[in-house]
Structures are given as structure tokens and as C-alpha cells.
Amino acid sequence: MMDIRPNQTIYINNLNEKVKKPELKESLYGLFSQFGPILDVVALKTPKMRGQAFIVFKEIGAATNALRSMQGFPFYDKQMRLQYGKSESDAVSKMKGTFRQEGGKRKDPSAPKKAKKAKTSATAAAATAKPSEDGDGADEAADLPPNQILFLTSLPEETNEMMLQMLFNQFPGFKEVRLIPGRHDIAFVEFDTDAQSAAARSALQGFKITPTHAMRISFAKK
DNA sequence: AGCACA
């Protein structure tokens, strides 16, 4: 059913309602940021809004791509259903400078909060101040010859098997993910062939599972 | 099933 006109926000439903909000948002962010920059992920657990989420992309093209690619994607044991959002997200209006509180139309629970918290540039600087391990030999593995097993590094602490499965699952030839007990930061992902592992590798190289952690993918040592 | 953002 071709219903709603393209929108840079994707509306998702049929999500697993048992997943807690922070985890849900993180996983959605990880899963969808492969299509392009994301402005916001909105998920509410209110009776009306549970099981649904909004992914706000910077570009409509990214949203369209996501819509086509992720329709029916198995996510926490349910198939996600995607549509374009019906209206413009606040994150978009804010970016365009057209954001209005629409006096009265929307619920105003209490005090009018006019000023949003300003991101201090100190915070922003701290966020980017993460040392990047360029040039200190940390990426010697880049030279390993292709094989069917990928080696993931720089994984954030909250990584779990399901998140990695969701990411790598979508590539042909996927076999399994192996986590290492006692190490949250590395994992192995196996494919049927080295061509298939190479394709997944280039697609997901630098993928941000969380906004601050870009994972690194190399081929495993044989 | 359910289209919000505090």
C-alpha cells in the first residue's frame, strides 16, 4: 500500500515491546545509521506509543533507502514494519528553524520550557577528544589477507550477540557471531566465503554501534 | 493496532 509521501522520518511499528527504551534506541540507531546521518531517534513507552519508533534522518534519500532495505527486518524476534512518518519531526523543524510549539494544539503538561539545554562546546570537545589510534600500530591487522572470518574491534561495552547478529545478518553468507567471554570489545563474525565476508566488511567498516564507537573490522588471523 | 517529539 503506497500511502504516505516521502518523509525524512521513518515510522516503525511491530517492535518488540519488551525491550527497554534506552536499549531500543541504541539498537535502532546502530541499525539505521548505516543509511546516513540520523538526527534523532524517538521512542515512547506510553500506552499509545509503545512498540513504535521514529528514525529521523538528515536526508530523505537515506530514509527511502532504509525503508526499502529494512522492511520486515527481524529485530528482537519480530519483523519490523516501516513507513514514512506522517508529519515532520521536531528535530527537523528545529534544524530548519521553523520549530513552533503550536500553542494549544499540542499537550503542554506544565511549564513552558523555552530554552533547551545548550550544548557547551566543552562537552562537544570532550566528545571528540577521544584518542584515535591512528599510526600507533593498532591497525596492523589491516594487512591480513581476506578470509571468511571477520575480526571486530573497538566494540562498545553494551555490545551483545543480538546486536551484532542484526547487523551482519543482512549480508549473504552470514553464518554466526562469536563473542569472547571476558572481552566486550572484540568479536568474530563468520561467513560462508571470503567474498561474502569482504562485502560485509566494507559495508560495515566504521559502523557506529553507539554514537561514540566506530567499530573496526579486519580479517581474522588464520 | 497504535504517528510523537516535554
Side-chain angles (χ1 to χ4, degrees), chain A residues 1-124 126-128 156 158 162-163 166 170 207-213:
Chain A
M1 106 195 338
M2 44 178 303
D3 30 10
I4 304 165
R5 66 185 239 274
N7 186 309
Q8 69 204 87
T9 297
I10 293 293
Y11 168 77
I12 310 176
N13 66 5
N14 199 39
L15 293 170
N16 189 326
E17 300 181 7
K18 288 177 302 204
V19 183
K20 283 164 295 328
K21 189 159 73 170
E23 177 179 347
L24 180 67
K25 288 173 120 185
E26 281 300 318
S27 297
L28 287 171
Y29 184 94
L31 201 55
F32 282 92
S33 54
Q34 62 182 300
F35 300 103
I38 290 176
L39 296 179
D40 199 10
V41 173
V42 177
L44 291 298
K45 296 281 270 185
T46 60
K48 189 180 178 198
M49 295 308 298
R50 45 189 291 147
Q52 302 150 80
F54 300 84
I55 313 295
V56 188
F57 286 100
K58 183 126 78 74
E59 310 287 346
I60 305 184
T64 299
N65 224 337
L67 184 56
R68 298 208 176 111
S69 316
M70 302 302 287
Q71 195 62 266
F73 189 85
F75 190 64
Y76 294 102
D77 300 317
K78 305 196 63 168
Q79 319 245 120
M80 46 168 89
R81 308 290 320 163
L82 318 202
Q83 296 169 49
Y84 289 115
K86 280 181 180 159
S87 56
E88 184 175 273
S89 297
D90 286 357
V92 173
S93 324
K94 280 171 181 161
M95 167 175 259
K96 298 204 295 200
T98 61
F99 180 66
R100 299 288 177 274
Q101 193 63 1
E102 196 72 49
K105 194 90 189 281
R106 186 178 290 175
K107 262 186 190 189
D108 57 330
S110 55
K113 40 196 62 174
K114 51 200 304 197
K116 45 182 288 190
K117 48 196 171 280
K119 294 182 176 337
T120 71
S121 45
T123 312
T128 27
E158 52 269 61
M162 159 147 292
M163 291 165 68
M166 290 185 306
Q170 58 183 325
F207 184 92
K208 289 179 173 148
I209 290 189
T210 63
T212 50
H213 284 73

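Reminder, nothing fancy here: chain letters follow the sequence lines and each chain counts from 1.
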Rounded distance (Å) that lies between atom [atom2] of [N] and atom [atom1] of [X]:
X        : N     : atom1 : atom2 : value
A:Asn13  : B:dA4 : CG    : P     : 13 Å
A:Arg100 : B:dC5 : CZ    : P     : 19 Å
A:Asn7   : B:dA4 : CG    : P     : 13 Å
A:Arg50  : B:dA4 : CZ    : P     : 16 Å
A:Met80  : B:dC3 : CE    : C1'   : 17 Å

TODO: Take A:Gly51 and A:Val42, find for each the nucleotide of DNA chain B with the closest heavy atom, and name the residue whose nucleotide sits nearer the 5' end.
DONE: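 Mapping each residue to its closest nucleotide by heavy atoms, the 5'-most match is A:Gly51.
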
Open item on the list: Reading DNA chain B from 5' onward, which residue's closest nucleotide shows up sooner: A:Asp40 or A:Gln52?
Closed with: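 Looking at DNA chain B, the more 5' nearest nucleotide goes with A:Gln52.
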
Open item on the list: Should the side chain of A:Glu88 and the base of B:dA4 be counted as holding a donor-acceptor pair, with the cut-off at 3.5 Å?
Closed with: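 Per atom types, no contact qualifies.
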
TODO: Look at the side chain of A:Thr9 against the base of B:dA4 and say whether a donor-acceptor pair falls under 3.5 Å; ignore hydrogens and angles.
DONE: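 Looking at the base of B:dA4, it does not pair with any donor or acceptor on the side chain of A:Thr9 (distance under 3.5 Å).
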
Open item on the list: Taking NZ in A:Lys18 as the centre, count heavy atoms belonging to other residues, nucleotides or ligands within less than 6.0 Å. Is the count above 12?
Closed with: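 At most 12 heavy atoms, drawn from other residues, nucleotides or ligands, come within 6.0 Å of this atom.
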
Task: Closest non-hydrogen atom pair, A:Asn14 against A:Gln79 - done: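 Reported closest heavy-atom pair: ND2-O, 2.7 Å.
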
TODO: Kindly say if A:Lys48 contacts the phosphate of B:dA4, meaning a side-chain N or O under 4.0 Å from OP1 or OP2.
DONE: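 Checking A:Lys48 against B:dA4: at least one side-chain N or O falls below 4.0 Å of OP1 or OP2.
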
Open item on the list: Please check: side-chain N/O of A:Gln52 versus main-chain N/O of A:Asn13, any donor-acceptor pairing under 3.5 Å?
Closed with: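 Pair absent, no side-chain N/O of A:Gln52 close to backbone of A:Asn13.
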
